[in-house]
Structure formats: C-alpha cells, structure tokens
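Only one structure is covered here, and it is reproduced in the block below.
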There are 2 protein chains.
Amino acid sequence: MAVDMRSAGEADLIRPVQRAVPLRQAVYESMVELVVSGRLNPGEHLVETDLARQLGVSRQPVREALHRLQAEGWVDLRPNQGAFVHEPTDNEVDQLLDARELLEVETARLAARSADAQAAARLRVICHEGEAAVKAGDAEGFITANNHFHAALADVAGNAVLAELAAIVGRRMRWYYRLAAPLRGETSCAEHLEMIDAIAAGDEKRAAKAARQHTERTRVAYHRTVQS
Amino acid sequence: MAVDMRSAGEADLIRPVQRAVPLRQAVYESMVELVVSGRLNPGEHLVETDLARQLGVSRQPVREALHRLQAEGWVDLRPNQGAFVHEPTDNEVDQLLDARELLEVETARLAARSADAQAAARLRVICHEGEAAVKAGDAEGFITANNHFHAALADVAGNAVLAELAAIVGRRMRWYYRLAAPLRGETSCAEHLEMIDAIAAGDEKRAAKAARQHTERTRVAYHRTVQS
DNA sequence: CTAGCGTATTTTGGATACAAAGGGCCCTAG
DNA sequence: CTAGGGCCCTTTGTATCCAAAATACGCTAG
C-alpha cells in the first residue's frame with residue numbers, strides 16, 4: 001500500500017498537481033498489492049467501509065475496485081455479503097497452467113509466423129530487464145518484467161484476443177508466481193531467450209516447443225515449491 | 001430492454017416479492033440487449049445520466065454495469081470521457097474465432113478424456129433445446145442455448161479456467177453470432193451432436209476434429225454473411 | 001437444556017449531491 | 001478571414017446519505 005492517497009491531491013508544487021490516475025485505479029493497485037503480499041488472507045471478508053477508511057478514500061472507489069478485482073479473480077463477490085479474498089486451490093493452479101500452456105504455445109507459433117527482427121530485439125530488451133531484476137534480487141520487478149514479456153509476445157503474435165486472454169491468465173498467475181518464480185528467475189529468462197531465438201528464426205515448431213517447455217518447467221517448479 | 005425496473009420491487013402478490021438479482025445485474029443485461037440488438041450503434045457515446053434516466057435507476061448501477069461491459073468488450077471506457085459502444089472490426093471476429101477454436105478444440109479433447117454417459121446425455125438435452133429454438137425461429141433462444149452448450153462442454157472438460165476463457169470469448173462472439181448464427185442453426189446443432197458422440201465415445205482425436213470443423217464452418221458462415 | 005423465533009446490528013445496495021476535468025463555442029486580435 | 005485564447009457547459013469522478021438485506025445474538029417457550 002505504502003501510498004497515502006489523501007495527500008495525492010494536495011498542492012506542494014506550483015504546477016496544478018495532476019493526479020494522473022483515477023482514485024479507483026490507485027485503490028485497485030493497492031489492493032492487488034495487499035492480496036499478493038499476503039497481508040490479506042485468503043477467505044478473509046473485506047468490508048468496504050474498513051478498506052475505505054484504511055486507504056483514506058470513500059467507499060465508492062473501493063467498490064469499483066472490488067468489482068474489477070472480482071473480474072480478475074482476486075476476490076469473490078457474494079451478493080449482499082460483499083467481497084472475500086479468493087482462496088486458491090492446487091487444482092486451480094494446474095488449470096491455470098494448462099490454459100497458459102495452450103495460449104502460450106499458440107502465441108509463440110503465431111509470433112514465429114510473423115517473424116520480425118525488430119520485434120525480436122524488443123523482446124530481448126524486456127527479457128534482459130527481467131534478468132537484471134533477478135540479479136538485483138527484485139522479485140516483484142522480475143514478475144512485472146515477466147508479465148511484460150508475455151504481453152509483448154502476444155503483441156508480436158498480432159492477435160489481440162489471445163493477448164487479452166493470456167493477460168487474464170497472467171494476472172491470476174501472479175498469485176502463484178510469488179511462490180515459485182523467485183526460485184527460477186534465471187532459468188526462466190534463459191527459456192524466454194530460447195523462445196525469442198526460435199521466433200526470430202521463424203521456426204514455428206521450435207517456438208511452440210520452447211513455450212511448452214517453459215510452461216512445463218514452471219509447473220514442476222511450482223509443485224516442488226508447494227511440497228516443501 | 002422491455003422491463004421497467006422501477007416496478008420490479010412493487011408487491012402485486014402476497015409473497016414478499018424478492019427481487020432475485022441486484023439492479024446492476026438487470027441494468028447490465030438490458031444494456032447487453034441494447035448493444036446486441038443494434039439499438040445502440042457502435043461508436044456511440046453512452047452518457048451515464050441519460051442511460052440512468054431511461055432505465056429508471058440512478059447513475060450508480062449504470063456505472064457498475066458499464067465497468068462490467070468494458071471488461072467484456074462491449075464498450076470502451078475512456079477516462080473522464082465515459083463509455084463508447086465498441087466498434088467491431090472484421091479483424092477482431094477472426095481473432096475471436098481463432099481463440100475460440102484453440103479453446104474449443106482443447107476443451108473437446110479434455111471432455112472426451114473424461115468421457116461420461118451421464119454428461120453426454122446432459123449435453124444432448126441442451127443441444128436439442130437449441131434445435132427446438134431453431135425450429136421455432138427463435139434466434140435469441142438459439143444463441144442462448146448455444147452458449148449454454150459451450151459452457152456445459154467446458155464444465156464436462158473439468159477445467160474451470162478454460163471454461164471461463166471460453167465464456168469470455170463466447171460473450172464477445174454474441175455480437176457477431178447475431179449476424180451469422182441464425183442462418184445455420186440446424187447444421188450447427190448437427191455439428192454439436194457429432195462432438196457429443198465423439199466425446200461420449202471417448203475419442204479425443206475425433207472430438208477435437210469435430211470442434212475444429214464446427215468453428216471453421218462458423219467462420220465461413222460469418223464471412224459469407226458479411227460479404228453479402 | 002435446547003430449539004425456534006424475533007430483534008438489533010452490521011454491511012451491502014442504491015440514490016443524491018458536490019467537485020473537477022474535458023470539450024465546444026464564442027469572442028477578440030492579428 | 002483565420003488563429004488563438006478564455007469562458008461556459010456538459011459529463012465524469014468522488015463523497016455522503018438513506019434503505020434494504022443478511023447475519024448474529026439473545027430471549028422465551030417447550
């Protein structure tokens with residue numbers, strides 16, 4: 001959370017202090033942070049009034065943020081009962097990974113089809129940002145870069161719908177990423193680079209295979225993590 | 001739209017007239033209807049105040065409905081400018097069909113894997129409902145049954161994430177369905193039955209092939225429709 | 001002592017009121 | 001006549017307020 005939004009609108013500089021994002025956006029981000037960081041426990045009942053007071057805003061933006069959070073699977077909204085932090089299950093992460101594999105393999109294939117040196121270069125840059133975050137021990141930064149990479153990949157593939165579906169899955173994965181990802185940041189980046197090489201070469205089969213392997217290894221890493 | 005929501009809470013029977021759904025749900029459904037039916041034109045600017053007045057509710061439920069509509073791709077929400085009815089493109093329908101094919105084929109495969117006579121029977125019932133709607137010339141009923149079928153299929157497959165992604169794609173497809181679906185209701189049902197048979201037999205390959213064909217024929221039908 | 005009902009409190013759902021940002025229009029100056 | 005600037009109006013974003021629903025607790029009767 002960190003930011004106290006009450007001060008966001010107050011002028012301490014000459015220029016008219018434009019608050020770039022709407023409040024509900026800030027609230028949304030804060031709440032994702034709260035959930036992902038584990039400060040809100042799964043199953044916990046989120047009371048709008050309390051959240052509003054804690055964040056220093058009215059209930060209105062909180063409500064809108066909660067609706068968005070529901071749409072993205074962070075919370076479950078029960079009519080007349082309010083929001084409950086979503087309780088992730090082992091089953092769910094496997095299903096997410098299945099979906100991710102399906103989307104990712106296809107995306108990689110499409111990306112390879114429209115092979116483009118410039119696009120590959122862009123992907124490499126993002127990939128290296130992830131590596132840098134790993135080296136700096138910045139887990140959150142790595143996850144961000146990771147999502148960036150997958151989004152950029154979808155962009156290269158040129159299918160906005162696939163990109164969006166991948167983004168939905170990706171957002172939900174964040175929850176689990178926090179468990180497994182930090183452990184394999186470096187290998188993950190290496191796998192991304194292999195995908196990029198295949199795509200740059202326009203080799204659909206190799207790209208698909210690399211994507212499949214990448215997802216599969218993520219799955220293995222996750223299961224190893226939760227076991228221990 | 002048809003329903004005037006103001007009267008929804010009034011008692012005309014002895015039992016306490018429970019309004020089953022929240023207002024925002026009703027507003028959401030009305031607005032989907034308005035968009036799909038073409039009474040709201042693509043690109044049109046939706047003013048919250050006007051919608052609220054026309055539907056006989058306050059701005060609050062309208063706002064929440066608009067947010068949900070955005071999440072589902074019906075409208076585009078520009079900050080500080082409000083909602084605009086999404087403008088569909090030919091490209092987009094192809095991307096949707098690509099995504100649908102990907103999801104549907106995998107779903108059919110999974111469903112076949114967990115073959116189950118009871119599940120197949122359930123699917124057949126839904127399928128026949130669709131046929132009945134076609135025979136009655138009820139286009140909207142067919143589309144509903146159609147979505148029902150795909151949802152049930154995803155349910156049989158046992159992957160809730162895939163089911164949800166398929167539902168997202170399905171909702172967006174509704175827009176285009178209205179153009180193409182009525183023309184091929186009967187053949188569509190026949191294709192569904194072929195999928196069901198394959199699934200009941202536990203034949204993954206045949207189920208996948210049937211799903212692929214089904215999507216492909218939908219695509220052809222759509223393109224034929226928009227050309228003319 | 002237990003089960004069932006009724007009430008009271010809590011919390012959400014919806015409405016209204018207010019502030020701020022954006023866009024369009026008119027007016028003026030070059 | 002055209003380009004630039006400023007004002008006004010429209011529309012969204014946020015806050016507060018009221019009503020309705022759900023749950024939890026306590027009381028009473030069997």
Side-chain angles (χ1 to χ4, degrees), chain A residues 3-31 40 43-71 74-85, chain B residues 3-11 13 15-31 40 43-71 74-85:
Chain A
V3 252
D4 176 17
M5 265 155 286
R6 266 166 301 194
S7 62
E10 294 166 13
D12 50 7
L13 287 173
I14 286 129
R15 55 180 172 185
V17 189
Q18 48 189 348
R19 188 184 61 220
V21 296
L23 259 190
R24 64 161 175 276
Q25 176 72 17
V27 171
Y28 162 79
E29 286 166 7
S30 297
M31 293 201 50
L40 293 177
E44 190 169 333
H45 186 194
L46 300 177
V47 177
E48 295 177 359
T49 314
D50 296 349
L51 288 170
R53 202 184 46 248
Q54 285 170 26
L55 294 172
V57 298
S58 85
R59 262 181 62 211
Q60 184 74 5
V62 173
R63 286 182 62 173
E64 303 199 352
L66 283 175
H67 283 291
R68 181 167 166 196
L69 288 165
Q70 178 192 37
W74 294 107
V75 304
D76 300 313
L77 228 50
R78 296 214 285 267
N80 290 319
Q81 281 186 266
F84 298 80
V85 179
Chain B
V3 250
D4 175 18
M5 265 154 286
R6 268 165 302 193
S7 64
E10 293 167 13
L13 287 173
R15 55 180 170 184
V17 188
Q18 49 189 349
R19 187 184 61 219
V21 296
L23 259 191
R24 64 163 172 276
Q25 176 72 17
V27 171
Y28 161 79
E29 287 167 8
S30 297
M31 293 202 48
L40 294 177
E44 190 169 334
H45 186 194
L46 300 177
V47 177
E48 295 177 357
T49 314
D50 295 349
L51 288 170
R53 201 185 48 246
Q54 285 172 26
L55 294 171
V57 298
S58 84
R59 265 181 60 209
Q60 182 76 4
V62 173
R63 276 179 73 88
E64 303 197 353
L66 282 175
H67 284 292
R68 182 167 166 198
L69 289 166
Q70 177 192 38
W74 295 106
V75 304
D76 301 312
L77 228 50
R78 295 214 285 267
N80 290 319
Q81 280 188 266
F84 298 80
V85 179

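Every chain is numbered from 1, with letters handed out A, B, ... down the list of sequences.
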How many whole angstroms separate atom [atom1] of [X] from atom [atom2] of [N]?
X: B:E48; N: C:dG14; atom1: CD; atom2: P; value: 15 Å
X: A:N80; N: D:dT23; atom1: CG; atom2: P; value: 9 Å
X: A:Q70; N: C:dT12; atom1: CD; atom2: P; value: 14 Å
X: B:R53; N: C:dA15; atom1: CZ; atom2: C1'; value: 16 Å
X: B:R78; N: D:dG13; atom1: CZ; atom2: P; value: 12 Å
X: B:Q25; N: C:dG13; atom1: CD; atom2: C1'; value: 14 Å
X: A:D50; N: C:dT10; atom1: CG; atom2: P; value: 12 Å
X: A:R63; N: D:dG13; atom1: CZ; atom2: P; value: 16 Å

(request) Describe, as an angle rounded to 10 degrees, how the axis at the first end of the helix from C:dC1-D:dG30 to C:dG30-D:dC1 is tilted relative to the axis at the last end, five pairs per end. (result) 0°
(message) I want to check one thing: is the phosphate of D:dT12, taken as OP1 and OP2, less than 4.0 Å away from some side-chain N or O of B:H45?
(response) yes
(request) Would you indicate which nucleotide in C:dG22, C:dT12, D:dT23 comes nearest to any side-chain atom of A:V47? (result) C:dT12
(request) Go through C:dG22, C:dT12, D:dT14 for me and flag the one nearest to the A:R24 side chain. (result) D:dT14
(request) Tell me what A:L77 touches on the nucleic acid: a base, only sugar-phosphate, or nothing, going by heavy atoms under 4.0 Å. (result) nothing
(request) Identify, with sequence neighbours excluded, every residue that meets salt bridge (charged side-chain N to carboxylate O under 4.0 Å, His left out) alongside A:E48. (result) A:R59
(message) For residues 47-67 of chain B, which residue pairs pass the ring pair (Phe, Tyr, Trp, His ring centres under 6.0 Å) check, not counting sequence neighbours?
(response) none
(message) Distance check, rounded to the nearest 0.5 Å: A:R78 atom CZ versus A:N80 atom CG?
(response) 11.5 Å
(message) Among residues at least two apart in sequence or on other chains, which ones pass side-chain contact (heavy atoms from CB on, under 4.5 Å) with A:A71?
(response) none
(request) Could you list the residues that satisfy side-chain contact (heavy atoms from CB on, under 4.5 Å) with B:D50, not counting sequence neighbours? (result) B:V47, B:R53, B:Q54
Distances under 3.5 Å only, N/O to N/O: pair up the protein atoms with those of nucleotides 15-19 of chain D.
{"residue": "D:dA15", "atom": "OP2", "partner": "A:S58", "partner atom": "N", "Å": "3.0"}
{"residue": "D:dA15", "atom": "OP2", "partner": "A:S58", "partner atom": "OG", "Å": "2.9"}

Return the set of residues passing side chain to side chain donor-acceptor pair (under 3.5 Å) with [X] (not counting sequence neighbours), or none when no residue passes.
X: B:Q70; answer: none
X: A:D76; answer: A:H86
X: A:Q25; answer: A:E29, A:R68

(message) Taking the side chain as everything from C-beta on, heavy atoms only, tell me whether A:H45 gets closer than 4.5 Å to A:Q81.
(response) no
